[in-house]
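See below for the structure under consideration.
Along the sequence shown, residues carry numbers from 1.
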Amino acid sequence: MMIDKFQDHYDDHEVQLLSIQTESSEWKERLKIINTEIDFFLELFSSGFTDELKLKINLEDLQYLKDQLIGVRKINEIHLKTFQEYNIKQEGLKECDDVQCENFYLKDHLIFKKTLTKHFKVFRELKYLIYKYIEINPG
């Protein structure tokens, strides 16, 4: 029953482990989605749509956006690889039986979280810039 799940009691270690696992799973999905979105934008920019529509973007700006996307893609690939290593390393948290051990893994988690949060923000800002430039001119 669903009510039984709410009545279960988890100790601090189990709650921390569940939180880290949930957050890590979300990071993996976001990193994969970023690659998909970058592929979409690069394909769109290479499709010639700028010639067919009157857009508020010139070729120089278009090339700048492509270069930025390619740069973010490279960084995203590094984060995906680092995530795999991080995920393997975090398996050790399950074996911890003291606070010092848990703090080691928690510190590693928080550092990686800060890095990914910054990466996700950079990509959101780039998408905003893309959306700003892809406004269709009336006419």
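Val122 has its side chain out of reach of Ile75: every pair of non-hydrogen atoms, C-beta onward, lies at least 4.5 Å apart. At least one side-chain heavy atom of Glu23 sits under 4.5 Å from a side-chain heavy atom of His109. For the pair Lys121/Lys118, no side-chain contact is recorded, criterion being any heavy-atom separation below 4.5 Å from C-beta on.
Residues Ile78 and Ile34 do not share a hydrophobic cluster, clusters being chains of Ile/Leu/Val/Met/Phe/Trp/Tyr side chains in contact below 4.5 Å. Both Leu62 and Tyr64 are assigned to one and the same hydrophobic cluster, defined by single-linkage of ILVMFWY side chains at heavy-atom distances under 4.5 Å. Clustering ILVMFWY residues whenever any of their side-chain heavy atoms sit less than 4.5 angstrom apart, transitively, puts Tyr128 in a cluster other than the one holding Leu42. Cluster membership for Phe112 and Ile88, using ILVMFWY side-chain heavy atoms within less than 4.5 angstrom, is not shared.
Residue-environment remark: CD (Glu29) exceeds the threshold of 12 foreign heavy atoms within 6.0 Å. Within 6.0 Å of NZ in Lys127 there are more than 12 heavy atoms belonging to other residues, nucleotides or ligands. Within 6.0 Å of the NZ atom in Lys81, the count of heavy atoms belonging to other residues, nucleotides or ligands does not exceed 12.
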Step by step, would you call His79 with Thr115 a side-chain contact (heavy atoms from CB on, under 4.5 Å)? CA-CA 9 Å; His79 286 314; Thr115 300; 3.4 Å; yes
As a quick check of understanding, evaluate side-chain contact (heavy atoms from CB on, under 4.5 Å) for Phe123 and Ile38, giving each step before the final call. CA-CA 9 Å; Phe123 186 61; Ile38 289 172; 3.6 Å; yes
From CA spacing to verdict: side-chain contact (heavy atoms from CB on, under 4.5 Å), Leu31, Leu116: CA-CA 9 Å; Leu31 289 167; Leu116 288 181; 4.2 Å; yes
Please determine whether side-chain contact (heavy atoms from CB on, under 4.5 Å) holds for the pair Ile130 and Phe45, giving the CA-CA distance in whole Å, both sets of side-chain angles, and the decisive distance to 0.1 Å. CA-CA 10 Å; Ile130 290 169; Phe45 291 157; 3.8 Å; yes
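Note: Trp27 and Phe120 fail the aromatic proximity criterion, with ring centroids not under 6.0 Å apart.
The distance from the SG atom of Cys101 to the CG atom of Leu106 is 11.5 Å, given to the nearest 0.5 Å. Interatomic distance, CD of Gln100 versus OH of Tyr105, reported as 12.0 Å (0.5 Å rounding). For the atom pair CG of Leu65 and CD1 of Ile70, the computed distance is 11.0 Å after rounding to the nearest 0.5 Å. Here Leu93 contributes atom CG and Asn103 contributes atom CG; the two are 10.5 Å apart, rounded to the nearest 0.5 Å. For the atom pair CG (Leu69) and CZ (Phe40), the distance works out to 11.0 Å, reported to the nearest 0.5 Å. Going from atom CD of Glu37 over to atom CG of Leu44 covers 12.5 Å, rounded to the nearest 0.5 Å.
Closest approach of Glu102 to Cys96, counting heavy atoms only: N-SG, 3.6 Å. Between Asn76 and His119, the shortest heavy-atom contact is OD1-NE2, 2.7 Å. Minimum interatomic distance between Ile20 and Gln90 (heavy atoms only, all atoms of both residues): CG2-OE1, 4.2 Å. Minimum interatomic distance between Tyr86 and Ser24 (heavy atoms only, all atoms of both residues): OH-OG, 3.2 Å.
The pair Lys89-Glu85 does not count as a salt bridge, with every side-chain nitrogen at least 4.0 angstrom from each carboxylate oxygen.
None of Asn35, Val72, Thr82 except one satisfies the side chain to side chain contact (heavy atoms under 4.5 Å, CB included) rule with Glu77; the exception is Asn35.
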